[in-house]
Amino acid sequence: MTKLSVNVNKIATLRNSRGGDFPNVVKVACDIESFGAEGITIHPRPDERHIRYQDAYDLKKVVTTEFNIEGNPIPKFMEMVLAIRPTQVTLVPDAVDAVTSNAGWDTITHQSFLKEIIAEFKLKGIRTSIFIDTNSKLIEAAATTGADRIELYTEEYATQFALGNKKAIEPFTKSAILATQLGLGINAGHDLSLDNIQFFAENVPNLLEVSIGHALISESLYLGLENVVNMYKYRLSSK
Ligand SMILES: CC(=O)[C@@H](O)[C@H](O)COP(=O)(O)O
Ligand SMILES: NCC(=O)COP(=O)(O)O
């Protein structure tokens with residue numbers, strides 16, 4: 001079965017908006033695990049606008065499922081991941097000022113760089129995954145870097161699925177078949193949601209893990225609002 005890794009970036013966004021420690025990222029991650037998630041994902045960005053580097057160290061102490069750290073392997077990120085030794089590092093080539101991840105690796109241009117850093121992570125026993133588009137040449141090049149897995153970048157699928165274009169799954173199915181032939185494990189993420197996840201999982205063979213954050217946290221707000229509004233009303237009703 002495909003594992004669900006919950007990305008808690010948005011919990012940190014909410015916490016940072018008030019400058020305090022509510023919601024507490026570590027507590028939320030532990031609760032998410034106790035609710036059944038099989039992994040916790042974070043994507044610290046250089047400006048620490050949501051997850052802070054300290055959160056990564058704090059989470060390492062408590063996460064009992066798979067801990068996945070995503071990011072661009074700049075020196076500060078490398079140092080942190082090598083010290084923490086999470087279950088998995090997912091390499092994402094995002095620009096410092098990117099609003100969110102918006103492209104996969106060019107594994108041909110950056111083949112030797114990726115080989116070098118993947119070897120460093122492997123020495124520390126950290127599983128490696130490369131964030132990538134559904135391009136067969138890039139997936140073939142990814143297989144030569146020593147990476148254990150690829151993470152298929154699913155924004156295009158999510159956008160097209162919302163427009164009713166179910167054919168958008170085809171490149172993902174093909175990429176998964178190719179990756180399996182090349183000995184790569186398959187993860188996926190970006191804009192996956194309650195609406196589009198089932199069709200994706202049913203049509204992408206050997207899907208090991210999905211990491212989901214933005215939609216999952218937004219859906220949790222919607223699905224929890226009625227309950228919480230009524231809890232407030234109940235507490236006010238004795239007056
Ligand atoms: C790698 C990826 O797909 C991202 O979705 C990412 O981890 C989310 O990052 P933000 O929460 O900063 O948008
Ligand atoms: N790797 C993708 C991820 O962690 C979450 O992406 P999103 O669901 O926030 O778009």
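As the structure lists them, so they are numbered: ligands from 1, and atoms in each ligand from 1.
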K.L.:
From the options R52, E48, H50, select the one residue that forms a side-chain hydrogen bond (donor to acceptor under 3.5 Å, both in side chains) with N16.
P.N.:
R52
K.L.:
So does K167 pair up with E170, basic N to acidic O under 4.0 Å?
P.N.:
yes
K.L.:
Can you pull every nitrogen or oxygen pair between ligand 1 and the protein closer than 3.5 angstrom?
P.N.:
unit_1	atom_1	unit_2	atom_2	d
ligand 1	3 (O)	H190	ND1	3.0
ligand 1	5 (O)	H190	ND1	2.8
ligand 1	7 (O)	N7	ND2	3.4
ligand 1	7 (O)	H43	ND1	2.8
ligand 1	7 (O)	E70	OE1	2.7
ligand 1	9 (O)	N9	ND2	3.4
ligand 1	9 (O)	R45	NH2	3.1
ligand 1	11 (O)	N9	ND2	2.8
ligand 1	12 (O)	R45	NE	2.6
ligand 1	12 (O)	R45	NH2	3.2
ligand 1	12 (O)	H50	NE2	2.8
ligand 1	13 (O)	T100	OG1	2.5

K.L.:
Note every protein N or O atom lying under 3.5 Å from an N or O atom of ligand 2, pairing the names and giving the distance.
P.N.:
unit_1	atom_1	unit_2	atom_2	d
ligand 2	1 (N)	E70	OE1	3.0
ligand 2	1 (N)	E70	OE2	2.8
ligand 2	1 (N)	E151	OE2	2.5
ligand 2	1 (N)	S211	OG	2.7
ligand 2	4 (O)	N7	ND2	2.8
ligand 2	4 (O)	S211	OG	3.3
ligand 2	8 (O)	G213	N	2.8
ligand 2	8 (O)	H214	N	3.4
ligand 2	9 (O)	H214	N	2.9
ligand 2	10 (O)	D191	N	2.8

K.L.:
Given the ring of F67, does K60 sit roughly above its face, with NZ or CZ under 6.0 Å from the centre of the six-membered ring and within 45° of the axis?
P.N.:
no
K.L.:
May I ask you to decide whether K115 forms a salt bridge with E120, counting only side-chain N to carboxylate O separations under 4.0 Å?
P.N.:
no
K.L.:
Which residue in the set T144, D106, T145 passes side-chain hydrogen bond (donor to acceptor under 3.5 Å, both in side chains) when paired with Q111?
P.N.:
T144
K.L.:
How about I42 and E70: do any of their side-chain heavy atoms sit closer than 4.5 Å?
P.N.:
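Not touching, per the 4.5 Å side-chain cut-off.
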K.L.:
Is any side-chain heavy atom of Y153 less than 4.5 Å from a side-chain heavy atom of T134?
P.N.:
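Not in contact.
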K.L.:
Would you call D55 and R15 a salt bridge, using N to O less than 4.0 angstrom?
P.N.:
yes
K.L.:
Salt-bridged, D47 to R45, with N to O below 4.0 Å?
P.N.:
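No, no charged N to carboxylate O under 4.0 Å.
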